[in-house]
Amino acid sequence: LKGSVLRTDPFLTVGNFVYSSFLWYTEEQNKHTGAFHMNHLLEKIKQKNASAFTHSGKFHADDVFSAALLLYLNPEITITRGNQVPENYEGLVFDIGRGQYDHHQKNSRIRDNGVPYAAFGLLWEKLGPEILGEELALKFDESFVQPLDINDNTGEKNELATLIGNFNPGWDSKSSNDEAFFQAVSVAGMILENKFERYLGNERADRRVEEVLTEHAASLASGDTPAENTNILILPEFIPCQKRLSETNIAFVIFPSNRGGYCIQPQKKEYSMNYKCSFPSSWLGLEGEELSLVTGLKSAAFCHKGGFLMTCGTLEDSVLACRSSLAVFHEEAVIVSLGGNKETDMLLQKLPDLSSARIVHLPVPQLPELTLNGIYGELSMEKTEWKSFIKDRIKEILRYKPEAVFADNAMFSLYPIVHALRKKHIPVLTAVEKDGQKLQIKWLTYPSRQELPLLAESAQATLKDIGIDVDINCTADNNS
């Protein structure tokens, strides 16, 4: 095996038998798994005639994804369900029995960030690095495993957990509960397999993008690529790269379309929903001859009305479309101020990189009438109406494409708006008074978006200079 290494593990004694195991592993596998070590849990799962046991009855995403993970590693493993772990059972036990891979006991484990483990998380902690490597396994835990663990421990709503739970038979169904369980496990297995491939694929994409960026810089330095194309990156094929390119000066990427011709995609600014450069508004929503006429590009084929994609028949026209857009683009940063005044405007104009931003004033949305009963108040509005009400307020804000939104101290009225803006990862600002005391801000951020903790650390350093301490809590638990 080219590029492979033969390793001999220490002798393993089981009963009266002595085994010496020999394993082949490639350099690529070693890169993902780090230093080689014997994973006894993985060895147990991959044994011939391996078995596992979990609880019967109603199932949840936790036990379903745990089973799917075991089957991913060994499709031949036998998984049995029951109300009680059989006496002297030698297989792997999970989500029942108060053992290492159960979480129902009082002293069940909690992560350093406060997120409690469920069975899936406990198994992933041991097995994840063997599949994705240490670094990617941690990222997968933060973005995929922890939300499911939170759901199983607290009942917090999770759409994937709800989907899996819907495989349980109805209350009056005569169908087999175990059959439904393994149907759900089959679906979970497909999800895991797809997720693993995407994580590994994204890692490969990151390496490939770095190569292309290095080649682009060298080509600019040598003069092979004209200076006019500094902000235009031509990819040999489609590569997921939006996050990495947000950190660079690249405004457009061009790559071959699987339908023929070339695709052009504008790139967003770091920590923003806005593009570094947009196509001219007169191009949006046009195609064919109409688009060709307005752009002056013979092979111009399509420009999405949302402005996130354009196609041309030739590479030359694709580059010219980018150059034309860059030449006429005029950026105006906007801050939407909800309930602010001249005093807060002066503060906003001191923000780094936003000193010249245009400040758009909007009134604080008025809450619908409340029916009060002592300290308890109830909105006189149906849930669908409420969602529509919030959606309309957010739509009004987003039409200005703000870099940030300022919210005054009317947090009772503004909280639903702030919550919706947070989901869209739009920075929300508010003013605080010092009153002669040192201020401290508790900043809640989420590891599933790698850029958010970095933004928090940047703000922490900036605010320290003006006497404000920032306590950063980076957690996947939205209730923290």
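Note that the coordinates shown come from a computational prediction; the quantities given were computed from them, not determined experimentally.
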Is it true that the NZ or CZ of Arg198 lies under 6.0 Å from the centre of Phe196's six-membered ring and within 45 degrees of the ring axis?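 The answer is no, since Arg198 fails at least one limit relative to Phe196.
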Cation-aromatic face contact Arg81/Phe53, 6.0 Å, 45 degrees: no
Would the distance check show the side chain of [X] and the main-chain N or O of [Y] forming a donor-acceptor pair, the cut-off being under 3.5 Å?
X	Y	value
Asn194	Ile191	no
Thr54	Asp63	no
Asn74	Leu71	no
Asn153	Tyr117	yes
Lys276	Ile250	yes
Arg393	Phe389	yes
Trp124	Ala137	yes
Asn177	Asn168	no
Thr311	Tyr262	no

Side chains of [X] and [Y]: is there a donor and an acceptor less than 3.5 Å apart?
X	Y	value
Tyr89	Ser51	yes
Asn113	Glu142	no
Thr371	Tyr376	no
Ser56	Asn83	yes

Is there a side-chain contact between [X] and [Y], using heavy atoms and a 4.5 Å cut-off?
X	Y	result
Glu125	Arg109	yes
Glu197	Glu193	no
Phe167	Phe59	yes
Thr430	Val418	no
Ile234	Thr225	no
Arg208	Pro236	yes
Asn202	Pro240	yes
Asp62	His103	yes

Can you confirm whether [X] is buried at [atom1], in the sense that more than 12 heavy atoms of other residues, nucleotides or ligands lie under 6.0 Å from that atom?
X	atom1	answer
Asp112	CG	no
Gln242	CD	yes
Glu159	CD	no
Lys269	NZ	yes
Glu211	CD	yes

Does the plane of the ring in His304 sit parallel, tilted or perpendicular to the ring in Phe302? Use 30° and 60° as the thresholds.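 His304 and Phe302: perpendicular rings.
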Between [X] and [Y], which heavy-atom pair has the shortest distance, and what is it?
X	Y	answer
Ile164	Ala188	CD1-CB, 4.4 Å
Gly121	Asp149	CA-OD2, 3.2 Å
Glu156	Asn151	O-ND2, 2.7 Å
Asp95	Asp102	C-OD1, 3.3 Å
Ala52	Leu70	CB-CD1, 3.8 Å
Thr248	Leu245	OG1-O, 2.8 Å

List the steps, then state whether side chain to side chain contact (heavy atoms under 4.5 Å, CB included) holds for Cys322 with Phe279. CA-CA 8 Å; Cys322 297; Phe279 299 120; 5.7 Å; no
Charged N-O contact under 4.0 Å between [X] and [Y]:
X	Y	answer
Lys243	Glu247	yes
Glu210	Arg207	no
Lys139	Glu135	yes
Glu76	Lys48	no

Any chance you could measure [X], atom [atom1], to [Y], atom [atom2], to the nearest 0.5 Å?
X	Y	atom1	atom2	value
Phe182	Ser176	CZ	OG	9.5 Å
Leu284	Phe308	CG	CZ	11.0 Å
Asn39	Lys44	CG	NZ	12.0 Å
Ser388	Ile390	OG	CD1	9.5 Å
Arg399	Ile394	CZ	CD1	13.5 Å
Lys423	His419	NZ	NE2	4.0 Å

Side chain to side chain contact (heavy atoms under 4.5 Å, CB included) between Val428 and Ile417, intermediate numbers included: CA-CA 10 Å; Val428 178; Ile417 305 297; over 6 Å; no
How far apart are the C-alpha atoms of Val209 and Leu235, what are their side-chain angles, what is the distance that settles it, and do they pass the side chain to side chain contact (heavy atoms under 4.5 Å, CB included) test? CA-CA 9 Å; Val209 169; Leu235 304 175; 5.7 Å; no
Show the numbers, then the answer: is there a salt bridge (Lys or Arg N to Asp or Glu O under 4.0 Å) between Glu270 and Arg244? CA-CA 9 Å; Glu270 193 173 16; Arg244 174 65 181 94; over 6 Å; no
Passing candidate, salt bridge (charged side-chain N to carboxylate O under 4.0 Å, His left out) with Asp141, options Arg111, Lys195, Lys126: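 Checked Arg111, Lys195, Lys126 against Asp141; only one passes salt bridge (charged side-chain N to carboxylate O under 4.0 Å, His left out): Arg111.
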Could you go through the side chain to side chain contact (heavy atoms under 4.5 Å, CB included) check for Tyr101 and Val93 one step at a time? CA-CA 7 Å; Tyr101 302 108; Val93 178; over 6 Å; no
Validation: residues 251-258 side-chain donor-acceptor distances under 3.5 Å, sequence neighbours left out:
unit_1, atom_1, unit_2, atom_2, d
Ser257, OG, Arg259, N, 3.1

List the residues meeting side-chain contact (heavy atoms from CB on, under 4.5 Å) with Thr384, not counting sequence neighbours, and say none if there are none. Glu382
Ring centroid separation Phe65 to Phe144 under 6.0 Å: yes
Applying salt bridge (Lys or Arg N to Asp or Glu O under 4.0 Å), can you list everything that pairs with Asp152, at least two apart in sequence or on another chain? none
